[in-house]
Amino acid sequence: PERINYNRDQAYGGLVSLESKLGSSWSTSATLSHFTSENHRRVNNVIDRRAYAQIMHGYILGPNDTVTGKGDPQYVMLDPNRDPALLAQMTATTKSSEKNSITGITVNASRDIADLPGGKLAINIGVDSRVETYQQVPDPKDTEFFMNQPRFTGTEGVSGKGHREVNSIYAEALAPVLETVDLDAAIRFDNYSDFGNATNFTLGGKWEATQWLSFRTSYGTSYRAPELNYVYKEGGGGYINIRDEAWCDYLETQGSACV
């Protein structure tokens with residue numbers, strides 16, 4: 001039977017922001033946010049190697065799936081009277097799910113601090129804190145083994161669970177040094193609970209040559225920790241080649257190799 005994959009993705013979340021004035025010169029804001037994404041996967045017609053061994057090869061299994069003997073196969077592809085219903089007994093459906101979430105809070109404050117030829121020198125400072133979580137739940141079938149190999153071939157679900165806390169502080173400045181020239185600078189410090197610290201900066205500028213022509217330039221550094229599913233994912237599916245002995249015997253009678 002043809003292997004069929006179904007995926008259902010959904011995402012939801014939102015944020016709440018509060019803005020206020022601090023004294024006569026500072027503008028402040030605080031934002032609380034939460035976002036979640038989920039993936040639900042279903043795979044139909046996954047080959048069950050245990051049932052395959054019994055039906056296609058006639059293996060007789062004892063305790064702990066040890067082979068105690070071998071009889072006649074119940075299903076032979078060259079048999080014109082074969083029962084197609086047996087194919088359904090050799091397949092199964094597996095399901096798995098993955099969930100990622102980010103919950104964070106950001107607080108910042110900004111103000112003008114000086115007059116420049118092109119306008120006000122403005123600064124913005126803030127702190128940011130967030131928690132990231134990841135969890136992937138496999139189908140219990142994906143943990144079963146048969147003859148020291150995964151019982152279900154090409155399994156889709158892997159397992160994994162982890163979280164990360166990130167705390168940051170940043171500062172930005174915009175300086176209109178001339179009516180046609182703006183300079184900007186920013187610096188950010190991040191502390192990752194699983195990857196240590198990172199400090200990055202950005203320098204930029206803009207020159208408005210004419211009303212219809214402007215030039216921009218920027219230089220900076222950046223750092224991004226790997227996503228949690230790359231760090232904490234365990235195991236993984238793989239496809240296993242299953243040799244159909246009856247089909248191989250037929251190919252040999254035709255002078256063809258069975259791969």
Side-chain angles (χ1 to χ4, degrees), residues 7 9-20 22 26-39 41 96-114 116 120-138 157-177 181-207 214-237:
N7 283 279
D9 296 297
Q10 61 184 35
Y12 50 90
L15 58 86
V16 177
S17 185
L18 176 65
E19 298 180 354
S20 63
L22 185 63
W26 286 96
S27 297
T28 63
S29 67
T31 302
L32 177 65
S33 62
H34 175 82
F35 295 93
T36 297
S37 63
E38 298 182 8
N39 171 263
R41 185 181 300 114
S96 64
S97 64
E98 179 179 338
K99 182 177 182 180
N100 295 273
S101 70
I102 300 178
T103 303
I105 183 170
T106 300
V107 178
N108 62 47
S110 61
R111 63 165 294 181
D112 299 331
I113 60 174
L116 296 176
K120 299 286 188 179
L121 171 62
I123 62 169
N124 180 50
I125 58 175
V127 294
D128 180 90
S129 180
R130 69 179 186 271
V131 177
E132 304 173 6
T133 65
Y134 155 78
Q135 184 175 17
Q136 185 153 10
V137 181
V158 295
S159 62
K161 183 177 182 180
H163 81 283
R164 170 186 299 146
E165 298 177 6
V166 186
N167 297 297
S168 311
I169 184 171
Y170 59 87
E172 304 168 309
L174 175 62
V177 293
V181 178
D182 292 338
L183 299 179
D184 59 82
I187 188 169
R188 183 183 182 93
F189 172 80
D190 299 299
N191 172 257
Y192 296 84
S193 60
D194 53 351
F195 276 90
N197 302 328
T199 301
N200 295 284
F201 70 91
T202 300
L203 301 174
K206 174 187 173 184
W207 172 41
S214 297
F215 295 92
R216 297 176 183 271
T217 183
S218 65
Y219 175 82
T221 61
S222 64
Y223 175 80
R224 180 181 178 183
E227 296 182 5
L228 292 178
N229 59 348
Y230 290 116
V231 179
Y232 295 103
K233 182 181 292 185
E234 299 176 357

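On a predicted model such as this, the values are computed, not experimentally measured, just so you know.
- The environment of OH in Y230 is sparse: at most 12 heavy-atom neighbours from other residues, nucleotides or ligands sit within 6.0 Å.
- Remark: T28 pairs with S20 by the side-chain hydrogen bond (donor to acceptor under 3.5 Å, both in side chains) rule, at least two apart or across chains.
- For the residue pair T133/H163, the side-chain donor-acceptor check at 3.5 Å is not satisfied.
- Taking CG of L228 as the reference point, atom CD of Q136 lies at 12.5 Å (rounded to 0.5 Å).
- A distance of 10.0 Å separates CZ of R188 from CD1 of I169, quoted to the nearest 0.5 Å.
- Side chain to side chain, Y232 and Q135 fail the donor-acceptor criterion of an N or O pair below 3.5 Å.
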Test side-chain contact (heavy atoms from CB on, under 4.5 Å) applied to E172 and D184, step by step:
CA-CA 7 Å; E172 304 168 309; D184 59 82; over 6 Å; no

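- To the nearest 0.5 Å, atom OG of residue S101 and atom CD of residue E38 are 9.5 Å apart.
- Ring orientation note: the planes of F201 and Y219 are tilted relative to one another, at an angle of 30° to 60°.
- A distance of 5.5 Å separates CG of L32 from CD1 of I105, quoted to the nearest 0.5 Å.
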Assess whether side-chain contact (heavy atoms from CB on, under 4.5 Å) is satisfied between Y134 and K233, documenting all intermediate values.
CA-CA 9 Å; Y134 155 78; K233 182 181 292 185; 3.8 Å; yes

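- Evaluated for a side-chain contact (heavy atoms from CB on, under 4.5 Å) with L121, the options L116, V177, D112 yield exactly one hit, L116.
- Donor-acceptor pairing under 3.5 Å is recorded for the side chains of T221 and N200.
- Using modelled atom types and a 3.5 Å distance limit, the side chains of N167 and E165 yield no donor-acceptor pair.
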